[in-house]
Amino acid sequence: DAKTTQPNSMESNEEEPVHLPCNHSTISGTDYIHWYRQLPSQGPEYVIHGLTSNVNNRMASLAIAEDRKSSTLILHRATLRDAAVYYCILTFFSGNTPLVFGKGTRLSVIA
Amino acid sequence: EAQVTQNPRYLITVTGKKLTVTCSQNMNHEYMSWYRQDPGLGLRQIYYSMNVEVTDKGDVPEGYKVSRKEKRNFPLILESPSPNQTSLYFCASSSHRPDRSYEQYFGPGTRLTVT
């Protein structure tokens with residue numbers, strides 16, 4: 001399985017943009033890049049996903065490198081509610097669709 | 001509101017006493033699965049189900065059973081719980097989409113303690 005590498009922790013000031021990096025140098029052409037986050041005492045929550053092109057939704061933006069070996073989740077204005085562990089996950093369609101969660105990046109937001 | 005519900009949210013039990021954790025989704029999803037989350041080990045899949053009456057083992061199925069008699073429900077059964085099954089459990093569901101992209105929706109979690 002292709003693996004991802006993320007920093008253990010990051011810190012941001014409230015209302016500033018946050019760029020969460022993810023390296024996935026062994027990604028294959030059919031792997032999608034997914035981001036989930038887990039707020040304290042809650043289940044994981046889908047954030048965004050993409051294949052090759054950059055993606056935007058109401059929660060965040062996903063910037064994917066041209067060679068697809070890395071990606072960046074962008075929170076445009078961090079709020080205290082964005083403090084969570086963010087997971088970058090590669091997925092492929094195989095019938096069984098488990099998400100392999102690594103350790104993720106713990107994001108702290110400072111008021 | 002689209003959601004995955006789990007019950008109970010918290011449970012303390014003793015070794016060997018059979019228990020069931022229920023999971024229900026209201027999104028008509030075909031795919032459902034169970035994960036457990038342990039410190040330092042992340043989330044690991046226990047069992048999954050592709051559709052009604054179709055279930056299969058995930059990465060850590062020992063000591064667990066599941067059933068899928070209805071599309072919306074996917075209970076997790078511990079026939080004889082042991083202390084090493086003390087963990088935080090999450091149920092998840094998603095629809096099957098042929099373009100290989102999907103979102104999984106997770107329940108709020110069930111914290112189980114086996115003494």
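As the structure is a computational prediction, the values presented were derived from the model and not from experiment. Just so we're on the same page: letters track the sequence lines, and every chain starts at 1. Computed from heavy atoms alone, side chains included, the values below leave out hydrogens, waters and symmetry copies.
B/Val4 and A/Val47 are not part of a single hydrophobic cluster, where members link through side-chain heavy atoms under 4.5 Å apart. Using a 4.5 Å cut-off between side-chain heavy atoms of Ile, Leu, Val, Met, Phe, Trp and Tyr, with links allowed through other members, B/Phe90 and B/Leu11 fall into different hydrophobic clusters. Under the 4.5 Å side-chain heavy-atom criterion for Ile, Leu, Val, Met, Phe, Trp and Tyr, B/Tyr35 and B/Tyr105 are members of distinct hydrophobic clusters.
Put simply, OG on A/Ser41 and CZ on B/Arg111 are 7.5 Å apart, with the number rounded to the nearest 0.5 Å.
Shown here for B/Gln104 and A/Tyr36, the closest heavy-atom pair between the two residues is N-OH, 2.7 Å.
For a residue to count as touching a neighbouring chain, one of its non-hydrogen atoms must lie under 4.5 Å from one of that chain's; by this rule B/Gln37 touches chain A with the side chain only.
A 6.0 Å sphere centred on CZ of B/Arg44 holds more than 12 heavy atoms belonging to other residues, nucleotides or ligands.
No other option in A/Gln42, A/Glu45, A/Gln38 has as many heavy-atom pairs under 4.5 Å with chain B as A/Gln38.
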